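Following: one structure in structure tokens, then a few remarks.
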Amino acid sequence: MSSNEPRSNFLRTQIQSDLDQGVVTDVVTRFPPEPNGYLHIGHAKSITVNFGLAEQFGGRCHLRFDDTNPEKESQEFIDSIQEDVRWLGYTWSGEVRYASSYFEQLYQWALYLIDQGLAYVCDLSAEQAREYRGSLTEPGKDSPYRNRTIEENRALFEQMRAGAFADGSKVLRAKIDMASPNINLRDPILYRIRKAEHHQTGNAWPIYPTYDYAHGQEDAIEGISHSICTLEFEDHRPLYDWFIANLPVPSKPRQFEFARLNTSYTVTSKRKLKALVDEGAVAGWDDPRMPTIAGLRRRGYPAAAIRHFCEEVGTSRSDSVVDVAMLESAVRNHLNQHAARAMCVLDPLRLVITNVDASEQLTLANHPSDDSLGSRSVEFGAELWIDRDDFREEANKKYKRLVIGKRVRLRGAYVIEADACDKGPDGRIDVVYARLIEGTLGEDPADGVKPKGVIHWVSCATGKTATVRLYDRLFTEANPGKAEDVMAVVNPMSLRQLDTAVIEAAAAEAAPETVFQFEREGYFVADRFDHRPDAPVFNLTIGLRDTWSAQDG
RNA sequence: UGGGGUGUCGCCAAGUGGCAAGGCAGCGGGUUUUGAUCCCGCCAUUCGCAGGUUCGAAUCCUGCCACCCCAGCCA
């Protein structure tokens, strides 16, 4: 594959072929969420597939709320979904659409099916209907109401629409085949009675269409050329096609299915995500540990990285679980290129440089290879904070940080040599004393004794205390969805909050959602909601790749 | 045990009859004022299994096996 060509997948091949053969002239796709929850990484995949295909083939992609079940839906979700799709970087064609705005047309088409003798009103209770449906291995039985006359069905359905019957007392069903090996074709339900207020249509409708009846027709109304959904709907395709074939619809969309995205160490079931929120395992739907779009955003995962990840993963029809390391890799890759560097000491230890008295301003590049990110001024003085983990009184040869009697480079500044340290009564080191080696700003020591490594630091005089939240994977199991109880596999170390970290003054001023690479530590984002210049709050997006910590040293 | 799908490297995934892409992970080595990045190299004689067709098969045929989905008036 050449680097700029989109990776081949069956959907791209299909569409290209349809275009080549003139089966379609315009590519129109749609992302059709039900507004009954927050979007998560799996939805991101569907979004990139649908919008991506439209983009690639010069077509359009609609955003359509599949709002046929008012009892589970709300305006809150309609708003959050739009925000998430926009944040991911996509613009839908035209206005936001709603299945509910097609309710009248759908109703008229239901009457049409009745008139064709292809639909009937059934009085079976839900329980009875289940019995009549048969089983996976046994055919179903015809409903006793299956042979009502067209006139009777029409009158009954009109009364259903008028609100004459109680919830659940009747349904409208398609008359297909109760013996079909495909259970979806055993006289599926088109309409049920639900006297529920709808977030868009209010109390205008006492009956609501089912997904099976509504979806294909919604696509047809909108002129969708390729209706892309997930694998579990494959069995519904014959039904989808049946409606399109039997109704005077304005276009003939076709359905194609792909495998939904699953990632390791992640749960996407709405029920389980809700349990995490309700039981306090996380702080909310947008907690940085959540796989929701809002959570990933608050974690600092760039939209472009999520998009790139979805592309790298590919689109196929085989069930799979993608290693979450792949997502993390996409995030690191993007941030390495785009995030400005800064210094932050997570676990401060005071360093006194005994031969320095005046402070000075040093200019540091914001990115090691991208000059367009500019530079910043950082104060350097006699008292600095360094990380407690970057100093040892003595250490083996593998340890490349500060050791008494040894040299280390202060990132972007001078080489120093440690002389001594003070300890408190508990043996804990309080202060490290070191000497600056003259002439080492941008130069190696003149005596030829090079420092073993480089450590980061922040001026005691101008550094700002910050809250830093260190996140780790939410689960201890690679497949938490398989666990009997998700709460039992929640990682107790998934959040560690530090209240005494110290960051460069300039970083504190950053706008919320700005991501930095705190050098030698990782990528951190200024919290979208909690960060303030006078009370900085940073979330760990992802740590730097670490190939040495497991080793001695 | 009815129907619909899927099986290519540890994890994804191209490939659609001509001598197994790529990414992630992993492993070596080099560069480096981030133990990061970057760079170089290694990593499937083999495509669920067994037969068959063919000069030639991951790609075609047959049979098996494994896994996923379907019996909501959810989507």
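All of these numbers come straight from a predicted model, not from anything done at the bench. Per chain, numbering begins at 1; letters A, B, ... match sequence-line order.
Taking side-chain N and O atoms only, A/Thr68 has a distance below 4.0 Å to OP1 or OP2 of B/A75. The phosphate of B/G15 has OP1 or OP2 within less than 4.0 Å of a side-chain N or O from A/Ser8. Phosphate proximity of B/C11 to A/Ser320: absent, as no side-chain N or O sits under 4.0 Å from OP1 or OP2.
No side-chain heavy atom of A/Ser459 sits under 4.5 Å from any side-chain heavy atom of A/Phe380.
For residues 435-444 of chain A, every residue pair satisfying the side chain to side chain donor-acceptor pair (under 3.5 Å) rule, not counting sequence neighbours, is listed here: A/Asp419-A/Arg435.
Side-chain to base pairing of A/Gln517 with B/U34: one donor and one acceptor N or O lie within less than 3.5 Å of each other. Side-chain atoms of A/Arg545 and base atoms of B/U37 include no donor and acceptor less than 3.5 Å apart.
Around atom NZ of A/Lys406, no more than 12 heavy atoms belonging to other residues, nucleotides or ligands sit under 6.0 Å away.
Contact annotation for A/Pro368: base contact, defined as any heavy-atom pair under 4.0 Å involving a base atom. Across all strands shown, A/Arg317 has heavy atoms under 4.0 Å from sugar-phosphate atoms exclusively, and none from any base. Nucleic acid contact for A/Phe233: base, since at least one base atom lies under 4.0 Å from a heavy atom of the residue.
Closest approach to the A/Glu234 side chain among B/C12, B/G5, B/G15 is made by B/G5 (side chain taken as heavy atoms from C-beta onward). Of the candidate nucleotides B/U1, B/A36, B/C12, B/U1 has the atom lying nearest to any side-chain atom of A/Thr137. Among B/A13, B/A75, B/U34, the nucleotide with an atom closest to any side-chain atom of A/Arg7 is B/A13.
Applying the Watson-Crick and G-U wobble criteria (two distances, each under 3.5 Å), B/A66 pairs with B/U6.
A cation-pi arrangement is found for A/Arg473 relative to A/Tyr265, the charged atom lying closer than 6.0 Å to the ring centre and inside a 45° cone about the ring normal.
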Would you tabulate the nitrogen or oxygen pairs shorter than 3.5 Å linking the protein to nucleotides 70-73 of chain B?
unit_1, atom_1, unit_2, atom_2, d
B/A71, O2', A/Arg133, NE, 3.2
B/G72, OP2, A/Arg133, NH2, 3.0
B/C73, OP1, A/Arg133, NH2, 3.3
B/C73, OP2, A/Arg133, NH1, 3.4
B/C73, O2', A/Arg194, NH2, 2.3
B/C73, N3, A/Gly168, O, 3.2
B/C73, N4, A/Leu124, O, 2.7
B/C73, N4, A/Ala126, N, 3.2
B/C73, N4, A/Gly168, O, 3.1

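Residues from residues 323-331 of chain A placing a heavy atom under 4.0 Å of any atom in RNA chain B, listed by number, are A/Asp323, A/Ala325, A/Met326, A/Ser329.
Look at B/G29: its glycosidic torsion is beyond 90° from 0, and that puts it in the anti range.
Using a 4.0 Å cut-off between charged side-chain N and carboxylate O, A/Arg520 and A/Asp390 make a salt bridge.
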